[in-house]
Peer 1: 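This is the structure, below, for whatever I ask next.
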Amino acid sequence: MNRALIPKHVIVRSVADEAILLNLTTEHYYGLDSVAYSMLRQATSCPTLQDALAALLDEYEVEPERLQQDFNALLEQLQQANLIEIVPPDTVSSDSTPTAAPIS
């Protein structure tokens, strides 16, 4: 029952229906295609990651197990690159920005 947050050292910008994430600490940037960007938006705007997964299942016609695997893989990659934090619901790190508003 965790959720994802974007740390303050990460800038997210949408380009068409895709996104670019810039880690200001490492100065590395990452591109997300439209599906991965949708996953990130849901993970950071829904109260829990389970809610995000349910919203994604409504959005995409895909086997639930496949979506769960892809969602978990993306979150793991973003977390390893220090682009997101996985925290308990209602937790806001002092080094993170809550992302209740849509990512722009």
Peer 1: Could you tell me which non-hydrogen atom of E27 sits nearest to which non-hydrogen atom of L22, and how far apart they are?
Peer 2: C-CD1, 4.2 Å
Peer 1: Side-chain contact test, heavy atoms from C-beta onward, threshold under 4.5 Å: evaluate it for T44 versus V12 and give yes or no.
Peer 2: no
Peer 1: Hey, are the side chains of I84 and I6 touching, using non-hydrogen atoms and a 4.5 Å cut-off?
Peer 2: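 A side-chain contact exists here, since the closest heavy-atom pair is under 4.5 Å.
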Peer 1: Can you sort out the partners of L53 under side chain to side chain contact (heavy atoms under 4.5 Å, CB included), two or more places apart, ordered by chain and number?
Peer 2: L67, Q68, F71
Peer 1: Hey, quick one: are Y37 and Y29 part of the same hydrophobic cluster, counting side-chain heavy atoms closer than 4.5 Å, chains of contacts allowed?
Peer 2: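 No, because Y37 and Y29 fall into different hydrophobic clusters, even though each may have its own neighbours under 4.5 Å.
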Peer 1: Is it true that I11 and V15 fall in one hydrophobic cluster, defined by side-chain heavy atoms closer than 4.5 Å?
Peer 2: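 Linked within one cluster.
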Peer 1: Using side chain to side chain donor-acceptor pair (under 3.5 Å) as the criterion, list what pairs up with N2, not counting sequence neighbours.
Peer 2: none
Peer 1: Under the side chain to side chain contact (heavy atoms under 4.5 Å, CB included) test, which residues partner Y60, sequence neighbours left out?
Peer 2: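 Partners of Y60 under the side chain to side chain contact (heavy atoms under 4.5 Å, CB included) test: V35, S38, L56, V62.
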Peer 1: So, E76 versus Q80: side-chain donor-acceptor pair below 3.5 Å or not?
Peer 2: yes
Peer 1: Can you name the residues that form a side chain to side chain contact (heavy atoms under 4.5 Å, CB included) with A81, not counting sequence neighbours?
Peer 2: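 With neighbours one apart ignored, the set is Y30, L83.
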Peer 1: To check you understand the geometry: which heavy-atom pair defines the closest contact between C46 and A55, and what is its length?
Peer 2: SG-CB, 4.5 Å
Peer 1: To the nearest 0.5 angstrom, please state how far the CD atom of E85 sits from the CG atom of L5.
Peer 2: 6.0 Å
Peer 1: Residues two or more places apart in sequence or in another chain: which of them pass side chain to side chain donor-acceptor pair (under 3.5 Å) with N82?
Peer 2: H9
Peer 1: State, to 0.1 Å, how close A4 and L49 come at their nearest heavy-atom pair, and which atoms those are.
Peer 2: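 Minimum heavy-atom contact is N-CD2, 4.0 Å.
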Peer 1: Going by side chain to side chain contact (heavy atoms under 4.5 Å, CB included), name the residues that satisfy it together with D70, two or more places apart in sequence or in a different chain.
Peer 2: M39, R66
Peer 1: Indicate the atoms forming the closest heavy-atom contact of A52 with Q42, along with that distance.
Peer 2: CB-O, 3.4 Å
